[in-house]
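Residue numbers start from 1 in every chain, and the chains themselves are labelled A, B, ... in the order their sequence lines are given, proteins ahead of strands. Since the structure is predicted, the reported quantities are computational estimates derived from the model, not experimental observations. Atom set for the values below is all heavy atoms of this structure, side chains included, hydrogens, waters and symmetry mates excluded.
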Amino acid sequence: MTTAIEIPSAVTPLLRVTDLNKFYGTRIGCADVSFDLYPGEVMGIVGESGSGKSTLLNCLAGHLAPDAGQVLFDTRAEGMRDTVTMSEPERRMLGRTDWAFVHQHARDGLRMNVSAGGNVGERLMAVGARHYGNIREVAVDWLGRVEINEDRVDDRPTAFSGGMQQRLQIARNLVTGPRLVFMDEPTGGLDVSVQARLLDLLRGLVREMGLSAIIVTHDLAVVRLLADRLMVMKDGHVVETGLTDQVLDDPQHAYTQLLVSSVLQV
Amino acid sequence: MTDYNFAYLDEQTKRMIRRAILKGLAIPGYQVPFASREMPMPYGWGTGGVQVSAATLTPDDTLKVIDQGADDTTNAVSIRKFFERTAGVATTEETSKASVIQTRHRIPEEDLTEDQILVYQVPIPEPLRFLEPSEVETRKMHSLEDYGLMHVKLYEDISRHGQIATSYAYPVKVEDRYVMDPSPIPKFDNPKLEMAAIQLFGAGREQRIYAIPPYTQVVSLDFEDYPFEASKADAACDLCAATDSYLDEVITDDAGGRMFVCSDTDYCRSRRAAGHVGALGTAFDEDAA
């Protein structure tokens with residue numbers, strides 16, 4: 001079942017997804033996904049492994065080409081544009097300005113043989129920054145915001161701990177002031193205390209910058225903390241949507257009930 | 001002449017290479033794939049440059065071959081002999097008398113003219129290679145003009161060394177479009193890339209040909225606060241007293257003795273013939289060399 005949430009129609013959504021489908025041969029990646037994401041809203045997508053949440057996220061972020069459906073994004077210059085039919089240069093431009101993508105493994109999202117400062121500065125240089133002093137200043141500022149000491153600016157990410165690498169990846173992504181952040185299991189593989197600090201940091205940044213975000217995770221605690229709204233996926237289909245607290249406290253679909261009841265109680 | 005086809009390669013191969021050269025000239029700085037042949041020398045010894053030269057030479061041409069500026073080093077001598085034997089063309093050591101110059105890692109000091117062709121030997125044509133190992137991805141980056149990564153490399157240089165430490169194979173942007181590796185020439189030579197002669201680049205192992213047509217805009221990449229600087233050793237040639245040429249530092253004994261000499265041997269010779277004498281040089285004697 002899907003429950004639409006009423007939001008005043010005067011606000012235009014930042015992202016509007018309609019009937020998105022992705023197939024791997026005859027197998028379903030994700031099917032008939034539709035939703036709106038509004039400015040400043042954080043949406044969680046949960047579901048077990050293989051439920052199609054990463055496929056969906058990659059389709060939204062332009063890493064995979066969906067087989068059918070639209071992904072409309074409210075661009076700064078031209079209003080609503082379908083990013084699926086957009087040209088590759090335009091999509092890449094979005095990818096390094098208005099969008100950000102935080103990978104589960106920091107190694108996928110960082111350049112491991114480039115210093116922390118270079119990693120943060122890359123997006124700035126990609127959009128035309130050509131003043132070394134300014135780039136470095138911004139990089140240091142962002143390292144500070146994600147709690148990485150200034151004296152690590154010339155160290156390579158290989159010399160960083162897992163948690164620091166993940167924070168560096170976040171700094172690298174947010175440096176150009178994106179409006180929409182895609183996160184794929186941002187806390188996966190980190191121990192709980194590091195997870196807690198990272199979540200705290202993310203929550204602060206999301207609020208402070210007014211970011212919209214789509215967070216894919218299988219960790220219900222993460223969405224409880226970060227997401228306003230929740231979408232539950234199973235076998236490529238969305239089985240339930242709603243406000244996070246509502247879905248987690250009063251799950252309607254049998255699968256959501258299973259998911260919620262499977263959480264280990266400490 | 002011998003039993004070789006003119007300039008070693010068969011006519012179909014030369015035709016294929018000429019097509020790649022023409023395409024390269026039409027799209028300055030773009031790397032054109034070509035079907036590189038096995039040459040009777042190992043990769044890394046200029047197989048790309050030799051194939052481009054072979055496709056460029058005509059029986060009336062005069063060939064000059066230099067290696068790091070010198071006419072008398074192994075690589076230069078063997079390639080010059082190769083073409084003497086397989087093409088029977090005239091050869092020279094004088095820059096101004098040559099119509100085709102094959103070079104490894106230098107541009108001659110003397111200005112080239114519209115009647116000349118400069119052929120470079122290129123080991124790694126892809127300027128983004130050490131930053132992005134995937135060829136599929138680098139090609140996509142070129143086609144989308146996605147060159148932010150190139151500046152990341154320069155950023156890394158400054159953050160680690162306090163200046164842009166890249167001193168050779170310094171990346172350039174050609175005609176405001178393609179970022180190109182000028183082959184491992186010293187960055188001292190970068191300003192000379194805007195010249196009257198045709199410049200052809202051949203990479204045999206990597207199977208790429210690219211080109212810069214005459215009078216094409218070639219800009220060395222840099223930062224506003226760390227501008228590009230064409231650097232050389234701060235000295236004069238000890239043989240010919242030239243202060244405007246690129247210098248090699250030569251260790252002369254085990255006691256720290258050293259001298260600076262022009263890397264361009266023809267330039268140095270002609271200056272000495274004209275009467276210039278450096279600090280450690282003697283008056284020019286035609287037979288001494």
Count the heavy atoms belonging to other residues, nucleotides or ligands that lie under 6.0 Å from CZ of B/R19, then report whether that count exceeds 12. no
Can A/N113 and B/E156 be said to form a side chain to side chain contact (heavy atoms under 4.5 Å, CB included), step by step? CA-CA 10 Å; A/N113 53 359; B/E156 288 293 284; over 6 Å; no
So with a 6.0 Å cut-off around CD of B/Q217, is the heavy-atom count from everything else above 12? yes
Side chain, backbone, both or neither: which part of B/E145 has a non-hydrogen atom closer than 4.5 Å to chain A? neither
Contact origin within B/L221 toward chain A - heavy atom pairs under 4.5 Å: neither
From CE (B/M150) to CE (A/M125), nearest 0.5 Å: 11.5 Å
As a quick check of understanding, evaluate side chain to side chain contact (heavy atoms under 4.5 Å, CB included) for B/F223 and A/H131, giving each step before the final call. CA-CA 5 Å; B/F223 284 103; A/H131 190 284; 5.9 Å; no
Checking A/R123 against chain B: side chain, backbone, both or neither under 4.5 Å from a heavy atom? neither
Counting only heavy atoms not in B/E229, do more than 12 fall under 6.0 Å of its CD? no
Does CG in B/D244 sit with more than 12 non-hydrogen atoms of other residues, nucleotides or ligands closer than 6.0 Å? yes
Less than 4.5 Å to any heavy atom of chain A: does that hold for the side chain of B/Y155, its backbone, both, or neither? both
Is atom OH of A/Y24 surrounded by more than 12 heavy atoms (other residues, nucleotides or ligands) closer than 6.0 Å? yes
Is it the case that atom CD in A/E88 sees more than 12 heavy atoms from other parts of the structure closer than 6.0 Å? yes
In B/I164, B/D225, B/D157, the residue satisfying side chain to side chain contact (heavy atoms under 4.5 Å, CB included) with A/Y132 is B/D225
My understanding is that only one of A/R92, A/R91, A/M93 makes a side chain to side chain contact (heavy atoms under 4.5 Å, CB included) with B/L144; could you say which? A/R92
The interface call for B/D222 against chain A, heavy-atom contacts under 4.5 Å, is backbone
Say you draw a straight line from CD1 of A/I135 to OG of B/S159; how long is it, rounded to the nearest 0.5 Å? 11.5 Å
More than 12 non-hydrogen atoms from neighbouring residues, nucleotides or ligands closer than 6.0 Å to CZ on A/R81, yes or no? yes
Spacing of CG belonging to B/D146 relative to CZ belonging to A/R96, to within rounding of 0.5 Å: 4.0 Å
B/R177, CZ: over 12 other non-hydrogen atoms inside 6.0 angstrom: yes
Closest-packed option against chain B by number of heavy-atom pairs under 4.5 Å, given A/S115, A/P89, A/S87: A/S115
Exercise: identify the closest heavy-atom pair between B/L131 and A/R111: O-NH1, 3.8 Å
